[in-house]
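Below you'll find the structure, written out as structure tokens, and then a few comments.
Since the model is a prediction, treat every value here as computed from it, not as a measurement. Letters go in sequence order (proteins before strands), and every chain restarts at 1.
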There are 2 protein chains.
Amino acid sequence: MIINSNYKIMTNKKLLNSKLFQNFADTGHRLTAPRKAVLNILSKDMNHPTVEDIYLQVHKGYPSIGMMTVYRTLDLLVEWGIVHKFDFSEGKARYELIDHPEGLGHHHHLICQKCKKIINYTDFINEEIKLITKLEKRLEKNHKFKINNHIIEFYGVCDDCTVTGNNKSIN
Amino acid sequence: MIINSNYKIMTNKKLLNSKLFQNFADTGHRLTAPRKAVLNILSKDMNHPTVEDIYLQVHKGYPSIGMMTVYRTLDLLVEWGIVHKFDFSEGKARYELIDHPEGLGHHHHLICQKCKKIINYTDFINEEIKLITKLEKRLEKNHKFKINNHIIEFYGVCDDCTVTGNNKSIN
DNA sequence: ACCTTATTGATAATGATTATCAATAGCAAT
DNA sequence: ATTGCTATTGATAATCATTATCAATAAGGT
Ligand SMILES: [Mn+2]
Ligand SMILES: [Mn+2]
Ligand SMILES: [Zn+2]
Ligand SMILES: [Zn+2]
């Protein structure tokens, strides 16, 4: 019975209690098992997974899921502003839960131009957010533009690639 | 003769004199007519053109150019840090000259989530750069990460889309 | 003008994302 | 718990930007 697969999927209590799931009821969308499963993986995987990454992980506990459903679920979550879609010119998109129910909240990124590694950092996040907030207010006014979200990314070369002259890309 | 097509392509004197072309000599790459043509278009088009946009414009003055050459030239320019490649999840990349020989220097972006419009802004660029520079120094130290470049983007809804409830996407 | 070899362009191949549509399963009402 | 309506799913085919190939061409040093 379906209870079975649900059981595995709903293990994460913090996720279960998070306001994330509220969106479904609010918007009249159905809270299905595949959607729970995708959200569950997103809440665990901090490594900016691709659609395939997510598909493979969901597939373990939910073998009948199709790749299409992962695509569609992610589209929905992005539309709701729950998930951020990244495009680092790798030919495929990457995804990340914006408000992690546990650990690592809002953060920015360092991106290695050689090995494509993506480093989450929060070193100076308060300082950054302070400026960003101030900027947003003024930009919204000057450009009559409603801001929902932002990205700050630094491109360069990571330590590994500098030291070893690494040239492999990570898939 | 080739002089003919060269003539049209090299019209832009500021571009011709800019240090951009120095890279070719320096790296042992050949300064070919197609490459000049692509650089010339990039120096004029501030609207974050796609490969096809650039191809079509170059094609006017240089009908024999192939799409592949545009791809390859852009790759090269990106590799040299002369051109920035954007990926706004439209299924195709967009490009922009980093140091415009004339007008609009370094800037950041507002991106409309509805119509996909990309707005260049420089309103508070000095203030932003001041923080960014400070951040870069400290991030480079903390993460042993050599920073070459950065992106700041704000996502939201533009005035047109707010007012008219616009829902068309621009290609 | 000649030679070497980087560059080009026509063409085919790849691979992520999107479109389709019949089968399935939330969930609200009974 | 059962029913009925309809959003959602998943298998499959289609799309389309980007890459791979390779023979023909042309930049630039001699
Ligand atoms: Mn991240
Ligand atoms: Mn721009
Ligand atoms: Zn690296
Ligand atoms: Zn808009």
Between dA17(D) (C1') and Glu52(B) (CD): distance, integer Å: 10 Å

For the helix from dA1(C)-dT30(D) to dT30(C)-dA1(D), measure the angle between the helix axis at one end and the axis at the other, each built from five pairs, rounding to 10°. 50°

Between P of dA16(C) and CD of Glu90(A), the distance in whole Å: 11 Å

Residues passing the side chain to side chain contact (heavy atoms under 4.5 Å, CB included) test with Val78(B), sequence neighbours excluded, are Val83(B), Lys85(B), Tyr95(B)

I'd like to check the ring pair (Phe, Tyr, Trp, His ring centres under 6.0 Å) partners of Tyr71(B); sequence neighbours left out, ordered by chain and number. none

Asp53(A) CG to dA16(C) C1', in whole Å, measures 13 Å

Can you tell me if Thr50(B) touches the phosphate of dA17(D), counting only side-chain N or O atoms and a distance under 4.0 Å to OP1 or OP2? no

Phosphate OP1/OP2 of dA26(D): any Thr32(B) side-chain N/O under 4.0 Å: no

To the nearest angstrom, the NZ-C1' distance between Lys36(B) and dG28(D) comes to 12 Å

Whole angstroms only, please: what is the NZ-P distance between Lys92(B) and dT15(D)? 16 Å

Which residues within residues 71-85 of chain A lie with some heavy atom under 4.0 Å of an atom in DNA chain C? Tyr71(A), Arg72(A)

Side chain to side chain contact (heavy atoms under 4.5 Å, CB included) filter on Leu76(B), not counting sequence neighbours, yields His29(B), Arg35(B), Trp80(B)

Value in whole Å for how far the P atom of dT17(C) lies from CZ of Arg94(A): 11 Å

Choose from dT9(D), dT6(D), dA27(D) the nucleotide whose nearest atom is closest to any side-chain atom of Arg30(A). dT6(D)

Report yes if a side-chain nitrogen or oxygen of Thr69(A) is closer than 4.0 Å to either non-bridging phosphate oxygen (OP1 or OP2) of dT8(D); otherwise report no. no

Determine, step by step, whether Thr162(B) and Asp159(B) satisfy the side-chain hydrogen bond (donor to acceptor under 3.5 Å, both in side chains) criterion, reporting the C-alpha distance in whole Å, the side-chain angles of both residues, the deciding distance to 0.1 Å, and the verdict. CA-CA 5 Å; Thr162(B) 302; Asp159(B) 192 33; 5.3 Å; no

Counterpart residues, salt bridge (Lys or Arg N to Asp or Glu O under 4.0 Å), relative to Arg30(B) (two or more places apart): none

Checking Glu153(A) now: which residues fulfil side chain to side chain donor-acceptor pair (under 3.5 Å) with it, not counting sequence neighbours? Tyr155(A)

If you measure from NZ on Lys36(B) to OG on Ser43(B), what distance do you get to the nearest 0.5 Å? 14.0 Å

Pairs under 3.5 angstrom only: tabulate donor-acceptor contacts from the side chains of residues 119-128 of chain B to other protein residues two or more places apart or in another chain.
from, atom 1, to, atom 2, distance (Å)
Asn120(B), OD1, His48(B), NE2, 2.8
Asn120(B), OD1, His107(B), NE2, 3.0
Asn120(B), OD1, His109(B), NE2, 3.1
Tyr121(B), OH, Glu128(B), OE1, 3.0
Tyr121(B), OH, Glu128(B), OE2, 3.4
Asp123(B), OD1, His143(A), NE2, 3.1
Asp123(B), OD2, Asn142(A), ND2, 2.9
Asp123(B), OD2, His143(A), NE2, 2.9
Glu127(B), OE1, Arg138(A), NH2, 3.0
Glu127(B), OE2, Arg138(A), NH2, 2.7
Glu128(B), OE1, His108(B), ND1, 2.5

Choosing from dT8(C), dT17(C), dT18(D), which nucleotide comes nearest the side chain of Ala93(A)? dT17(C)

Looking only at dA17(D), dT18(C), dG9(C), the nucleotide nearest the Met68(A) side chain is dT18(C)

My understanding is that only residues two or more places apart in sequence, or in another chain, count here; which of them pass side chain to side chain donor-acceptor pair (under 3.5 Å) with Thr133(A)? none

How close or far is atom C1' of dA26(D) from atom CG of Leu31(B), stated in whole angstroms? 13 Å

Whole Å only: how far is the CE atom of Met67(B) from the P atom of dC16(D)? 13 Å

